[in-house]
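As structure tokens, the structure follows; a few thoughts come after it.
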2 protein chains.
Amino acid sequence: MARANVIQKYRDKGLKLTPQRIAILDFLDGNTDHPSAEEIFSGIKQTNPTISFATVYNTIQALRERGELVEVTIDPERKHYDPNPEPHHHLICSKCGKIGDVFEDFTDALKLPQELLGKFSVTSNHVNFYGACINCSKGN
Amino acid sequence: MARANVIQKYRDKGLKLTPQRIAILDFLDGNTDHPSAEEIFSGIKQTNPTISFATVYNTIQALRERGELVEVTIDPERKHYDPNPEPHHHLICSKCGKIGDVFEDFTDALKLPQELLGKFSVTSNHVNFYGACINCSKGN
DNA sequence: CCGAAGTTTGGAATGATTTTTAATTTAAAA
DNA sequence: TTTTAAATTAAAAATCATTCCAAACTTCGG
Ligand SMILES: [Mn+2]
Ligand SMILES: [Mn+2]
Ligand SMILES: [Zn+2]
Ligand SMILES: [Zn+2]
């Protein structure tokens, strides 16, 4: 998305747009790396050397409240963030930790077994695929 | 499993069996609640008032190294632990946070889309089902 | 029993994340 | 523009789960 459009989009959502926020939005726009807060912070710091962690966390929260950013709970060490709020699944490389996307709806296949049908009503599902990314498969 | 058998099982794995460890093993044996470290700690403290958090974490680690306990990374706030190391999937109640088990192998249904086949080699998968447990559905 | 090796403990340290603070900046209305 | 309330910022402090540490204590084989 063009930067001007990104800015317009968030202005419409009632976000006051500061240079730091624009840098964060810019960094996240189209980003499929599932960065952690720290990774967002250091990515931004290159162009905004004075940005603080609080600003990163504040903005993460503002975006989450507006449904524009999703917390990804896959890495036991830290939270990661996904600027794509569409439901999708993830690949996790057990070697390098890289998180990739899988856009496919498995809902039809993911039926609960009989004995659980009356005990839990499912509203959504999320699949994690563990294995090795191509990079880590090669250098094995 | 009978307590004597549990003890034998871990002795065979080279674990020195202290009263604290036995209490933890006892607490975990057959437990399907996916407790956090804190929940293990307070569950044990009733009968072992002097136990420390470090012991709980030490034992968690010892059991994990022996493949007897699995870290569950579902709750963004804290780690949970599952004494069932068999591959299986989870139900997460979005209301009360309760984590339940789903014993069913969806592997055949969970094929990566064409374009990812050459980019990632999957070794395992894990499905999280989100929704409402029967308790939370009723009191809705 | 003895002793080596492993374990427990309480407290301190760590690391990610959140909250607080006081000063600054902004949006939006006049 | 000017005003003003609300939002934002950077830095510091607080929080919370988890890990580390050094000293005291157990376990278990011999
Ligand atoms: Mn994603
Ligand atoms: Mn389970
Ligand atoms: Zn990799
Ligand atoms: Zn529930």
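First the proteins, then the strands, lettered A, B, ... as listed; each starts at 1.
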In this structure, how many angstroms lie between the P atom of D/dT8 and the CG atom of A/L63, rounded? 11 Å

Can you confirm whether B/D75 sits close enough to B/R78 that some side-chain heavy atom of one is under 4.5 Å from a side-chain heavy atom of the other? yes

Would you kindly give the OH-to-P distance between A/Y10 and C/dA27, to the nearest whole Å? 17 Å

From OG (A/S124) to CG (A/L110), nearest 0.5 Å: 11.0 Å

Interatomic distance where CG belongs to B/N58 and C1' belongs to D/dT26 [whole Å]: 14 Å

Comparing B/Y81 with B/R11, nearest DNA chain D nucleotide closer to 5' gives the residue B/Y81

Closest approach to the side chain of A/A54, judged atom by atom: which nucleotide of D/dA11, D/dT8, D/dT27 is it? D/dA11

Heavy-atom neighbours of A/Q114 CD exceed 12 at 6.0 Å: no

CD/B/E38: more than 12 non-hydrogen atoms of other groups inside 6.0 Å: yes

For B/Q20 and C/dG6, give me the distance from atom CD to atom P, rounded to whole Å. 18 Å

Expressed as a whole number of angstroms, how long is the span from A/L17:CG to C/dA28:P? 10 Å

Any donor-acceptor N/O pair under 3.5 Å between C/dA16 base and A/K79 side chain: no

side-chain N/O B/T50 vs C/dT9 OP1/OP2, d < 4.0 Å: yes

N or O in side chain of B/T55 less than 4.0 angstrom from C/dT9 OP1/OP2: yes

Please state whether the phosphate of D/dT19, meaning OP1 or OP2, lies under 4.0 angstrom from any side-chain nitrogen or oxygen of B/Y57. no

Between B/E38 (CD) and D/dC16 (C1'), how many Å, whole number? 11 Å

Between P on D/dA13 and CZ on A/F53, what's the gap in Å once rounded to a whole number? 18 Å

Can you find a side chain N or O atom of B/T18 that sits less than 4.0 Å from OP1 or OP2 on C/dT8? yes

Could you give the distance from CG (B/L63) to CG (B/L15), rounded to the nearest 0.5 Å? 6.0 Å

Need to verify one output field. Residue with the more 5' nearest nucleotide on DNA chain D, B/L15 or A/L15? A/L15

Find the distance A/K16:NZ to D/dT8:P and express it as a whole number of Å. 6 Å

Reckon B/R21 has a side-chain N or O less than 4.0 Å from the OP1 or OP2 of D/dT26? no

If you assign each of A/P19 and B/E77 to its closest nucleotide in DNA chain C, which residue comes earlier from the 5' end? B/E77

